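A short write-up of the structure that comes next.
Nothing here was measured: the structure is a model prediction, and the numbers come from that model. Atom set for the values below is all heavy atoms of this structure, side chains included, hydrogens, waters and symmetry mates excluded.
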Amino acid sequence: MKIDNSVNVKQVDEWIKKLQLNTQTNLYQEDRMKGEFVIVRLLLTGVGLFVLFVASISIVVAMTMSTHQRRRQIGIMKVLGANLKQIRNMFIVESSLLGMLGGLVGIMLSYWVIWGINLIIIRFGSNSGEPAEILFISFWILPVGMFFAVMTGVLSGLYPAIKASRTDALTAIKRE
């Protein structure tokens, strides 16, 4: 017996059993697939958190090297009257822009990957004549992703910004 919707399978199965007939359904496969999707989702979440950690380390290293290379510039800014807050804010804005750029690149890359997967699904997916189910990215994910990207940049830039603001002006100018 073929049923029009998978939601109705359980109800039809019970009706047939009331007639004292044997039935066999594929509902166990649907439950198994749901469990597998949970595992895949957890695995991808772990990969995403690892990538976020690596990105944070990369921003910290880039900003620390930037402060080290711009010691003289920081010293001159201090001599000309820049206060600690202005110097910190300059480096935090720079690191947040790095995070935002990374978020935009990540969003573009994810759209390209989904587009490629959808092309494969449409071309090779459905042989039964039914339209293939395509993947999409929910629009609510975009601001959440950008928020995390910018916050990663800001939090990763705090240490280098504090270090830059504590640079001694005279020592920085004399060194080079």
Side-chain angles (χ1 to χ4, degrees), residues 4-10 26-70 73-74 77 82-166:
D4 61 346
N5 195 341
S6 63
V7 176
N8 301 329
V9 170
K10 196 169 195 172
N26 293 336
L27 291 177
Y28 68 91
Q29 289 179 341
E30 186 177 339
D31 292 337
R32 192 183 82 207
M33 283 180 58
K34 285 180 184 176
E36 289 174 358
F37 280 135
V38 167
I39 291 171
V40 169
R41 185 174 286 138
L42 287 173
L43 180 68
L44 292 176
T45 301
V47 169
L49 289 174
F50 178 74
V51 168
L52 190 64
F53 177 71
V54 170
S56 297
I57 290 174
S58 297
I59 292 174
V60 168
V61 168
M63 293 305 297
T64 302
M65 289 306 297
S66 176
T67 59
H68 181 71
Q69 290 175 348
R70 296 184 345 196
Q73 178 187 1
I74 295 167
M77 286 174 22
N83 61 25
L84 301 179
K85 185 177 178 183
Q86 290 171 328
I87 294 171
R88 271 190 217 130
N89 287 344
M90 181 180 76
F91 281 95
I92 289 174
V93 166
E94 188 176 327
S95 65
S96 65
L97 288 174
L98 279 174
M100 187 170 68
L101 180 66
L104 290 173
V105 168
I107 286 172
M108 285 190 323
L109 184 64
S110 64
Y111 269 108
W112 287 340
V113 167
I114 294 294
W115 177 73
I117 290 172
N118 283 337
L119 282 177
I120 292 169
I121 288 173
I122 289 169
R123 184 161 189 161
F124 302 110
S126 180
N127 295 330
S128 64
E130 296 176 13
E133 263 189 58
I134 60 170
L135 303 173
F136 65 95
I137 298 174
S138 299
F139 285 113
W140 66 268
I141 270 299
L142 300 178
V144 170
M146 285 306 296
F147 172 78
F148 276 107
V150 171
M151 285 310 297
T152 299
V154 169
L155 294 176
S156 300
L158 284 176
Y159 170 72
I162 291 170
K163 187 175 178 184
S165 67
R166 291 184 179 165

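The line from OG1 of Thr152 to CG of Leu98 is 12.0 Å long, rounded to the nearest 0.5 Å. Taking CD of Glu94 as the start and CZ of Arg70 as the end, the distance is 4.5 Å to the nearest 0.5 Å. Separation of atoms CD1 (Ile87) and CD (Gln73) is listed at 9.5 Å; rounding is to 0.5 Å. Summarising the geometry, atom CD1 belonging to Ile137 is positioned 14.0 Å from atom CH2 belonging to Trp115; distances are rounded to the nearest 0.5 Å. The distance from atom OG1 of Thr67 to atom CE of Met90, rounded to the nearest 0.5 Å, is 9.5 Å. Distance check, rounded to the nearest 0.5 Å: CG of Leu104 to CE of Met146 gives 4.0 Å.
A donor-acceptor pair is defined here as one N or O able to donate and one able to accept, closer than 3.5 Å; no such pair exists between the side chain of Ser96 and the backbone of Gly153. Distance alone, capped at 3.5 Å, places no donor-acceptor pair between the Ser66 side chain and the Ala62 backbone.
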Take Leu97 and Leu101 through the side chain to side chain contact (heavy atoms under 4.5 Å, CB included) test and state the conclusion after the steps.
CA-CA 6 Å; Leu97 288 174; Leu101 180 66; over 6 Å; no

Notebook entry, point to check: Does the pair Thr64 and His68 meet the rule for a side chain to side chain contact (heavy atoms under 4.5 Å, CB included), with working shown?
Noted result: CA-CA 6 Å; Thr64 302; His68 181 71; 5.7 Å; no

* To do: Verify side chain to side chain contact (heavy atoms under 4.5 Å, CB included) between Asn118 and Ile121, making sure each step is shown before the conclusion.
  => CA-CA 5 Å; Asn118 283 337; Ile121 288 173; 4.3 Å; yes

Evaluation steps, side chain to side chain contact (heavy atoms under 4.5 Å, CB included), between Met77 and Gln86: CA-CA 10 Å; Met77 286 174 22; Gln86 290 171 328; over 6 Å; no

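The shortest non-hydrogen separation linking Ser95 to Gly157 is OG-CA, 3.4 Å. Minimum heavy-atom separation, Ile92 to Val154: CG2-CG1, 4.1 Å. Closest heavy-atom contact between Met63 and Phe91: CE-O, 3.3 Å. The shortest non-hydrogen separation linking Ser156 to Ile59 is CB-CG2, 3.6 Å.
Atom OH of Tyr111 has more than 12 heavy atoms from other residues, nucleotides or ligands within 6.0 Å.
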